[in-house]
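One structure below.
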Amino acid sequence: MRFSPAGEPGTPDARSATRYLVWLAGRHPVIFGAGLALGVIWMLAQALVPAVLGRAVEAGLAQRDPDALVRWSLALLGLGLVQAVAGILRHRCAVHNWLGAAYRTVQVTVEATNRLGAALPRRVAAGEVVSIGTADIEHIGGAIDITARGAGSVVGIVTVAVILLSASQPLGLVVVLGVPLLMALVALLIRPLHRQQAAYRDSTGRLTARAADIVSGLRVLRGVGGEPLLSERYRQRSQALRADGLRVARVESLLQAAQILVPGVFVVLVTWLGARFALRGEISAGELVSFYGYTAFLVSPLRNLTEAADKLTRGHVAARRVVRLLRLAPEFTDPATPVPVPAGPGELADARSGLVLRPGRLTALAAATPQDATEIADRLGRYADGDVTLHGVPLRDVALATVRERILVADNDAQLFSGVLRTELDPHDRAEPGAVAAALAAASATDIVEALPGGLDGEVAERGREFSGGQRQRLRLARALVADPETLILVEPTSAVDAHTEARIAERLGPARHGRTTLVCTTSPLVLGHADHVVFVEDGKVVAEGRHEELLAAEPRYAATVSREEDR
């Protein structure tokens, strides 16, 4: 079951965040319900201890009745055992609920990011996703965890209030009226805490995104001398985040102090009143012992309630961030009734540009403006809307999973992930024996594997940072060749390699993709010279087609575009 909050995408509200927390609690109804029940039993056992203790003093000690003392002592022992067992089981359920809520949030977040696909970087900052997976899951788990103790605390306070009212109406009224008053005082701190935590969470997400951008572009920044400027800006943002954190800490410190001070004052008040009633003879010695036990007991549920208010507030703020991500709709969704596409290679045509890819051929696309080639590749891969057909069937009428399976667009924005290199190149473990080695040879990347400790079983760091730009580009090309899709679209696959390596790749790419449809977007003469068919695009339209040598002789604009590549 997928969580789909009501409302318009991108406009989360308090109701949807609350609904998300309720949805998380309902994912494991048995464990969650058991946690609530055990929390109530655990707190009730504690609440009844003062009453049993008072009866033991009154009936056993004051009236010197050994049998009564033994009976009430055994009852006290039984309550202790119930409290211990219920407390252990409650804690286990609470931990299960905490972990379930936290990691269920990770699952739905990953699912949402996968659903957004290539649109994710344009819709959500990287820092936002990172913050959800680090800080927010802790707060959401805490909000689910505290429900067991919170529910038990409410029942415990109500039980004590009923007992006190039956024994002494003034003391009972103090509890009945005092607890809501104390919670109202705590609530005065909750609203500013909610506001400050939301501001701090936003600042954390922005700073994390800034840090990710700086790290990813550190080499470029050093090359152009921009490192000191970005460092100073990061320092300023960091200090602003520190100020936001201090504002949150001030409110939290007041809330923590209230958790100690308010219940303490309440205990002193009830104890003082009970002592005065005992001196006037309105209550017995046993009842005084019970009343003191009740006041001592009330410290725990009152602190639990203030802690619950704090954790639920934090969880609510975190849930709003998660809901904001979940409500983002992908740019492209499956049609209501997907149309099947005939099996086997077929023509892939883009009506806007006039490009037609013949099945089984290596086609090169040279564009006077690189942006035109990128836009055509995006349309052919269904990453941008357009009148594109495969086997004559419009891609917008085909299920996205089918498009992704049959058409692969590989560009230089793709990333290498951390892990074993073999798994990086063949993540689905579907390649035939020898396919990885053949792909590495075609991409002229064999030397990279040989230099890596462990070879194909060696570890790749995050984003392949131990490799140069050209090495990463060759590994990305090898990964695309290992995937062996029906149609492969490569966008500038050799832009970061030297001329000798580029010549080897250009020579080997055609045989590696024999019988498959391949489009290479490039203006490199080395690659264009090995293509079966070359298409020249200007102003987004196909203006000339043919072999590389034919276009050089017959199309001056093509020759000028390719010559600029040679001059670089």
Side-chain angles (χ1 to χ4, degrees), residues 344-348 355 357-366 373 377 380-381 390 404-414 416 421-452 455-456 460 464 467-535 547-548:
E347 284 190 352
L348 182 63
L355 173 67
L357 298 183
R358 308 296 180 188
R361 290 205 300 184
L362 173 60
T363 304
L365 187 153
L380 292 175
L390 176 61
R404 299 289 178 260
E405 180 183 355
R406 302 184 66 168
I407 303 173
L408 173 63
V409 179
D411 58 22
N412 291 314
D413 291 331
L416 296 175
L421 179 57
R422 187 187 303 275
T423 304
E424 177 68 25
L425 298 177
D426 184 18
H428 301 292
D429 195 23
R430 298 175 182 170
E432 297 291 332
V436 174
L440 288 169
S444 191
T446 306
D447 60 312
I448 305 175
V449 179
E450 293 174 348
L452 184 68
L456 284 173
V460 177
F467 302 125
S468 67
Q471 289 175 325
R472 288 196 297 270
Q473 188 174 57
R474 285 185 281 162
L475 289 174
R476 287 194 295 264
L477 175 58
R479 182 172 59 187
L481 294 175
V482 170
D484 194 29
E486 180 182 293
T487 301
L488 175 60
I489 301 172
L490 301 171
V491 181
E492 295 291 350
T494 59
S495 59
V497 301
D498 59 79
H500 295 290
T501 304
E502 186 175 32
R504 289 194 297 269
I505 294 173
E507 183 180 354
R508 299 169 182 176
L509 185 58
R513 290 287 298 168
H514 179 71
R516 295 289 202 178
T517 306
T518 308
L519 174 67
V520 183
C521 300
T522 182
T523 53
S524 167
L526 293 172
V527 179
L528 294 169
H530 286 83
D532 299 328
H533 188 71
V534 179
V535 177
R547 299 282 298 182
H548 172 59

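These numbers come from a predicted model, not from an experiment.
Interatomic distance, Leu475 CG to Leu425 CG, rounded to the nearest 0.5 Å: 6.0 Å. Atom-to-atom distance recorded for Leu440:CG and Glu450:CD is 10.0 Å, nearest 0.5 angstrom. The line from CZ of Arg474 to OG of Ser468 is 6.5 Å long, rounded to the nearest 0.5 Å. How far NE2 of His530 is from CZ of Arg508: 11.0 Å, rounded to the nearest 0.5 Å. For the atom pair Thr423 OG1 and Leu421 CG, the distance stands at 8.5 Å (nearest 0.5 Å). Note that NE2 of His500 is 13.0 Å distant from CD1 of Ile505, once rounded to the nearest 0.5 Å.
Side-chain contact between Arg547 and His533: absent, with no pair of heavy atoms (C-beta onward) separated by less than 4.5 Å. Using a 4.5 Å cut-off on side-chain heavy atoms (C-beta onward), Ile489 and Leu408 make no contact. A 4.5 Å side-chain heavy-atom check between Thr517 and Glu486 finds every atom pair outside the cut-off. At least one side-chain heavy atom of Pro359 sits under 4.5 Å from a side-chain heavy atom of Glu347. Using a 4.5 Å cut-off on side-chain heavy atoms (C-beta onward), Leu509 and Leu481 make contact. At least one side-chain heavy atom of Leu456 sits less than 4.5 Å from a side-chain heavy atom of Val436. A 4.5 Å side-chain heavy-atom check between Leu365 and Leu519 finds at least one atom pair inside the cut-off. Put simply, the side chain of Pro485 does not reach to within 4.5 Å of the side chain of Arg406, judged on heavy atoms.
For Asn412 and Glu492, the side-chain atoms include no donor-acceptor pair closer than 3.5 Å. There is no side-chain donor-acceptor pair under 3.5 Å between Gln473 and Thr494.
Nearest heavy-atom pair, Ala366 versus Leu528, reported as atom, atom and distance to 0.1 Å: CB-CD2, 4.3 Å. Minimum heavy-atom separation, Ala480 to Ala410: CB-CB, 4.0 Å. Shortest non-hydrogen contact noted between Gly346 and Leu390 is O-CD1, 3.9 Å. When all heavy atoms are compared, the tightest approach of Ala499 to Leu526 is O-CD1, 3.6 Å. Considering all non-hydrogen atoms of both residues, Val482 and Ala431 come closest at CG1-CB, 3.8 Å. Between Arg404 and Gly381, the shortest heavy-atom contact is NH1-O, 2.7 Å.
In this structure, the side chain of His514 does not engage the main chain of Gly510 through any donor-acceptor pair within 3.5 Å. Panel note: side chain Asp426, backbone Arg430; a donor-acceptor pair is recorded below 3.5 Å. Formation of a donor-acceptor pair under 3.5 Å by the Arg516 side chain with backbone atoms of Leu488 is not found in this model. One N or O on the side chain of Asp532 and one on the backbone of Leu362 form a donor-acceptor pair closer than 3.5 Å. At distances below 3.5 Å, not a single donor-acceptor pair connects side-chain atoms of Asp411 with backbone N or O atoms of Val491. Between the side chain of Arg358 and the backbone N or O of Thr363 there is no donor-acceptor pair closer than 3.5 Å.
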